[in-house]
Number of protein chains: 2
Amino acid sequence: MLSKKTKYGIKALTYLAKQQHGVPVPISTISEMENISLKFLESILLTLRKSGLLGSKKGKGGGYYLLKNPDDIRMTTVMRVLEGPIAMVPCVSLNYYEKCDDCPNEAECAVHHLMIQVRDSNLKIYGETSLADLINY
Amino acid sequence: MLSKKTKYGIKALTYLAKQQHGVPVPISTISEMENISLKFLESILLTLRKSGLLGSKKGKGGGYYLLKNPDDIRMTTVMRVLEGPIAMVPCVSLNYYEKCDDCPNEAECAVHHLMIQVRDSNLKIYGETSLADLINY
DNA sequence: ATATTACCCTACTAAGTCTATAGGGTTAAA
DNA sequence: TTTAACCCTATAGACTTAGTAGGGTAATAT
């Protein structure tokens, strides 16, 4: 299941992508427009800022804004920041690999092979989709 | 993340698929061969039996066995029984559809569109992969 | 028959995650 | 210097996960 955090995060990013580039949008505005609890959204945007996707400006007229062009933000990045590893098991994770306790032989593990396929197909989708793609229809 | 339940369930199924068709295998055997806690495995096999994938035989010489040929067991079925819906959000689930509380317009929701792609690609993989495919290499 | 093997079922629980909520602190612009 | 808005920490209820515990029931071999 996709967490609400990720869902809300993507919605916030797409909202920002629709605005004029570089102009800060207050959390409260995004919260109202996308029906997201203000405080929860605050923590999500903070995560996105720390990851380098968003910039922020304090004080009156401040808010959050995209640091890059929506065309240059791939969903792989977004998913990894918000949801964590793309892989469904650590033993097929490219960035967070971990050996399984119970698997004596990874090369012969059926789950391993299946999950590599799932990982690759999802990576392909996320890699080929940019934030700009999400708002174009 | 894939739950241990699903992971262990798939391992148990592949183990059974490698055995002579129709011959019952005791839980204890699978537990030892696949390094799975006996009691936990018991509850997983029970789930699989209730779903119609496995049959069981009681008493001495009893155990669990596949009810169908490994070629005829698709991973879509297995994943739905063990892990639940394939879709990452209820609003793109084929079998467990649910509207989102926060979405005023599903057709224009960016998350919705993205997750439909993910669902379809995963459905394709699970649908094209049988239990027999998992043990053939 | 009866002992044994193995399935069947319920209940419980420690640990972790999710989805927030609460409350205040800090910064910078007007 | 006021105020809008970001920044940060702590907490908590609900839920899920990954088991553990303990026994009940059925069927087989002898």
Side-chain angles (χ1 to χ4, degrees), chain A residues 1-12 16 19 23-67 82-85 88-90 100-102 111, chain B residues 1-12 16 19 23-67 82-85 88-90 100-102 111:
Chain A
M1 281 285 292
L2 197 74
S3 67
K4 298 257 184 188
K5 181 183 172 186
T6 302
K7 188 184 176 191
Y8 293 163
I10 296 175
K11 285 192 164 196
L16 289 175
Q19 311 311 310
V23 178
V25 179
I27 301 178
S28 57
T29 303
I30 306 175
S31 160
E32 283 164 27
M33 296 301 290
E34 299 291 340
N35 297 309
I36 306 169
S37 140
L38 183 77
K39 280 298 198 174
F40 192 25
L41 179 60
E42 205 177 313
S43 74
I44 296 168
L45 294 180
L46 198 59
T47 303
L48 291 170
R49 188 185 62 84
K50 284 179 179 169
S51 79
L53 283 169
L54 295 183
S56 64
K57 196 181 167 194
K58 291 182 179 177
K60 193 163 187 174
Y64 284 95
Y65 53 92
L66 290 180
L67 281 175
L82 291 170
E83 189 77 4
M88 290 186 79
V89 278
C100 298
D101 296 336
D102 55 305
V111 178
Chain B
M1 281 285 293
L2 197 74
S3 68
K4 300 258 184 188
K5 181 182 172 186
T6 303
K7 188 184 175 190
Y8 293 163
I10 295 175
K11 284 192 165 199
L16 290 174
Q19 311 310 309
V23 178
V25 179
I27 300 179
S28 57
T29 304
I30 307 175
S31 159
E32 283 164 27
M33 297 300 291
E34 299 290 342
N35 299 307
I36 305 169
S37 144
L38 183 77
K39 280 297 196 175
F40 192 25
L41 180 58
E42 205 178 312
S43 74
I44 296 168
L45 294 180
L46 198 60
T47 304
L48 290 169
R49 187 186 63 81
K50 284 181 179 168
S51 78
L53 284 169
L54 295 182
S56 64
K57 195 182 167 195
K58 292 183 181 179
K60 194 166 187 174
Y64 282 96
Y65 53 92
L66 291 180
L67 282 176
L82 292 169
E83 189 76 5
M88 292 186 79
V89 278
C100 297
D101 296 335
D102 54 306
V111 178

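Below, read A as the first sequence line, B as the second, and so on, with proteins coming before strands; counting in each chain starts at 1. Heavy atoms only: backbone and side chains are in, while hydrogens, waters and symmetry mates are out.
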Item to check | Heavy-atom check, side chain of A:L66 versus side chain of A:L54, under 4.5 Å | outcome: yes
Item to check | Heavy-atom check, side chain of B:E34 versus side chain of B:L41, under 4.5 Å | outcome: no
Checklist entry - B:P26 or A:L38: which one's nearest nucleotide on DNA chain C is closer to the 5' end? => result B:P26
What heavy-atom pair brings [X] and [Y] nearest, and what distance separates the two atoms?
| X | Y | result |
| --- | --- | --- |
| B:L48 | B:S51 | O-OG, 2.9 Å |
| B:D102 | A:K7 | OD1-NZ, 2.9 Å |
| A:L67 | A:G55 | CG-N, 3.5 Å |
| B:G62 | B:P24 | C-CB, 3.6 Å |
| B:V111 | A:K11 | CG2-CG, 4.1 Å |
| B:I27 | B:L45 | CG1-CD1, 3.9 Å |

Next on the checklist: Any residue in residues 50-61 of chain B with a heavy atom nearer than 4.0 angstrom to DNA chain C? Just list them by number, or reply none.
Outcome noted: B:K50, B:S56, B:K57, B:K58, B:G59, B:K60
Next on the checklist: Using a strict heavy-atom distance below 4.0 Å, which residues from residues 27-36 of chain B are in contact with DNA chain C?
Outcome noted: B:I27
Next on the checklist: So, OP1 or OP2 of D:dA5: does either fall under 4.0 Å of a side-chain N or O from A:Y65?
Outcome noted: no
Item to check | Under 4.0 angstrom between B:Y8 side-chain N/O and D:dG19 OP1 or OP2 | outcome: yes
Next on the checklist: What residues from residues 41-48 of chain B pass a heavy-atom cutoff of under 4.0 Å to DNA chain D?
Outcome noted: none
Rounded to the nearest 0.5 Å, how far apart are [atom1] of [X] and [atom2] of [Y]?
| X | Y | atom1 | atom2 | value |
| --- | --- | --- | --- | --- |
| A:K4 | B:D101 | NZ | CG | 5.5 Å |
| A:L38 | A:E42 | CG | CD | 6.0 Å |
| B:Q19 | B:T29 | CD | OG1 | 9.0 Å |

Next on the checklist: Angle between the end axes of the helix from C:dA1-D:dT30 to C:dA30-D:dT1, five pairs per end, to the nearest 10 degrees?
Outcome noted: 10°
Next on the checklist: Are more than 12 heavy atoms, taken from residues, nucleotides or ligands other than B:M1, located less than 6.0 Å from that residue's CE atom?
Outcome noted: yes
Next on the checklist: Please check this pair: side chain of A:S31 against backbone of A:I36, looking for a donor-acceptor N/O pair closer than 3.5 Å.
Outcome noted: yes
Item to check | Between D:dT17 (C1') and B:E83 (CD): distance, integer Å | outcome: 11 Å
Checklist entry - When the distance from NZ of A:K39 to P of D:dA10 is rounded to whole Å, what number comes out? => result 15 Å
Next on the checklist: So A:K4, base contact, sugar-phosphate only, or nothing? Heavy-atom distance under 4.0 Å.
Outcome noted: sugar-phosphate
Item to check | Start and end of the DNA chain C segment that chain B contacts, any atom under 4.0 Å from a heavy atom | outcome: C:dT5 to C:dC9
Item to check | Where at least one partner belongs to residues 48-67 of chain A, residue pairs that pass ring-ring contact (aromatic ring centres under 6.0 Å, His included), sequence neighbours excluded | outcome: none
